[in-house]
Amino acid sequence: MTSKLIAPSVLAADFANLQRDIEMINQSEADWFHIDIMDGVFVPNISFGMPVLRDIAKHASKTIDVHLMIVDPDRYIKTFADLGSNILTVHYEACTHLHRTLQAIKAEGMKAGVAINPHTNVSLLEDTIHDIDLVCIMSVNPGFGGQSFIENTYHKVKKLKEIIKRNNANTLIEIDGGVTDKNAKKLIDAGADVLVAGSFVFKSENPTKTIKELKEIIKT
Ligand code: DX5
Ligand code: ZN
């Protein structure tokens with residue numbers, strides 16, 4: 001059994017104290033940095049862009065998991081590789097030629113992820129599952145932190161897990177949005193491997209302790 005991972009979402013960090021928050025994640029039991037890039041077109045919000053990611057990567061000592069919520073992600077694959085991304089996740093809904101995009105991400109030496117919106121059926125990924133290192137199931141509508149978790153997510157995780165097993169694939173399942181200590185265990189039991197947590201970590205009194213508690217909850 002592979003260990004289950006926690007990826008704090010930097011979107012919920014204090015941007016005026018970014019280095020402090022990055023060091024907190026470095027020193028904590030967190031596994032990855034989850035970085036949300038939004039373009040104001042694919043989603044109704046703009047987060048931050050390349051210069052900020054470059055500086056995050058300079059200080060981060062763990063895997064950098066970049067979640068692109070942008071149209072036409074193919075234009076920026078090389079840029080994100082050069083900036084230090086280890087995993088690059090594009091949205092299914094933003095890719096006309098998903099298979100080609102996945103190959104292009106891997107050609108740049110990164111792991112390839114596909115994120116799906118709450119309305120997108122997991123079965124649409126069956127024909128590319130062998131090419132996908134990570135599926136990010138959105139458990140909120142992308143664009144903002146701090147939203148509440150959509151309950152139908154459990155059902156999607158179970159269905160996707162079946163697809164992965166049926167095809168003998170190694171794809172990881174990541175859950176993004178509204179993750180807390182209340183749903184973490186149930187998500188892992190349904191088949192999730194990686195939990196992204198933004199507000200729940202950064203808005204807590206002691207983020208390091210909150211990460212430790214989440215890790216404890218998801219231990220299998
Ligand atoms: C939402 C982003 C998430 C977000 C999660 O569009 O993709 O990664 O930061 O934040 P919380 O955990 O606050 O829902
Ligand atoms: Zn995200």
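All ligand and atom numbering here is 1-based and tracks the order in the structure. Numbering starts at 1 and runs along the sequence shown. FYI, side chains are in, hydrogens and waters are out, and symmetry mates aren't considered; it's all heavy atoms of this structure.
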**Item:** Angle subtended at the Zn ion (ligand 2) by NE2 of H34 and ND1 of H67, nearest 10°
**Value:** 110°

**Asked** By atom name, which N, O or S atom of D36 is the nearest to the Zn ion (ligand 2)?
**Response** OD1

**Prompt:** Would you call I116 and K156 a side-chain contact if the rule is heavy atoms closer than 4.5 Å?
**Reply:** yes

**Atom indices of ligand 1, in the order listed, that fall short of 4.0 Å to a heavy atom of M138** = 7 (O)

**Request:** Using only N, O or S atoms, tell me which atom of D176 is closest to the Zn ion (ligand 2).
**Result:** OD2

**Prompt:** Could you give the distance from CD1 (I25) to CG (D31), rounded to the nearest 0.5 Å?
**Reply:** 11.0 Å

**Fill in**
In I175, L214, D176, the residue satisfying side chain to side chain contact (heavy atoms under 4.5 Å, CB included) with L195 is I175

**Message:** Heavy-atom contact check, 4.0 Å cutoff: does A197 meet ligand 1?
**Reply:** yes

**Asked** For D127, does the CG atom have more than 12 heavy-atom neighbours from other residues, nucleotides or ligands under 6.0 Å away?
**Response** no

**Top protein contact for atom 6 (O) of ligand 1, by heavy-atom distance** = G143 N, 2.7 Å

**Request:** Check each atom of ligand 1 against the heavy atoms of H67 and keep those under 4.0 Å away; list them by number with element.
**Result:** 7 (O)

**Asked** Which protein non-hydrogen atom lies closest to atom 4 (C) of ligand 1, naming both residue and atom, and how far is it?
**Response** D36 OD2, 3.7 Å

**Asked** V140 to ligand 1: N or O pair under 3.5 Å?
**Response** no

**Message:** Give the atom numbers and elements of ligand 1 that come within less than 4.0 Å of a heavy atom of G146.
**Reply:** 11 (P), 13 (O), 14 (O)

**Complete:** d(L98 CG, R100 CZ) to nearest 0.5 Å is 11.5 Å

**Asked** Any idea which part of S9 is under 4.0 Å from ligand 1, heavy-atom wise: side chain, backbone, both or neither?
**Response** side chain

**Prompt:** Which residue and non-hydrogen atom of the protein lie closest to atom 1 (C) of ligand 1, and at what distance in Å?
**Reply:** F144 O, 3.5 Å

**Request:** Below 4.0 angstrom from a heavy atom of P142, which ligand 1 atoms are there? Numbered from 1 as shown, please.
**Result:** 6 (O)

**Asked** Taking both backbone and side-chain atoms of G178, is any N or O found less than 3.5 Å from an N or O belonging to ligand 1?
**Response** yes

**Asked** Do I6 and I218 have side chains that get closer than 4.5 Å, going by heavy atoms?
**Response** yes

**Message:** Among all the protein's non-hydrogen atoms, which is closest to atom 13 (O) of ligand 1, and how far away is it?
**Reply:** S199 OG, 2.5 Å

**Request:** Please identify which atoms of ligand 1 are closer than 4.0 Å to at least one heavy atom of H34.
**Result:** 8 (O)

**Message:** Is there a side-chain contact between D133 and T171 in this structure, where contact means two heavy atoms from C-beta onward sitting under 4.5 Å apart?
**Reply:** no

**Prompt:** Are side-chain N/O atoms of H59 and N26 paired as donor and acceptor at under 3.5 Å?
**Reply:** no

**Request:** Could you walk me through whether F149 and F200 pass the ring-ring contact (aromatic ring centres under 6.0 Å, His included) test, one step at a time?
**Result:** CA-CA 12 Å; F149 180 82; F200 186 69; over 10 Å; no

**Atoms in ligand 1 flagged as close to G145, the criterion being non-hydrogen separation under 4.0 Å** = 10 (O), 13 (O)

**Request:** Would you indicate whether the side-chain heavy atoms of V90 and H67 approach each other to under 4.5 Å?
**Result:** no

**Asked** How about D74 and T101: does a side-chain donor come under 3.5 Å of a side-chain acceptor?
**Response** yes

**Request:** Could you tell me whether the side chain of M24 reaches within less than 4.5 Å of the side chain of I211, counting heavy atoms only?
**Result:** yes

**Prompt:** What residue and heavy atom of the protein are closest to atom 3 (C) of ligand 1, and at what distance?
**Reply:** D176 OD1, 2.9 Å

**Message:** Could you tell me, atom by atom, which parts of ligand 1 come under 4.0 Å of a heavy atom of G177?
**Reply:** 14 (O)

**Fill in**
Numbered in order shown, the ligand 1 atoms found under 4.0 Å of a heavy atom of L11 are 9 (O)

**Asked** Are E29 and K212 close enough for a salt bridge, meaning some N to O gap below 4.0 Å?
**Response** yes

**Protein contact of atom 12 (O) of ligand 1 - nearest heavy atom, named by residue and atom, plus distance** = G198 N, 2.8 Å

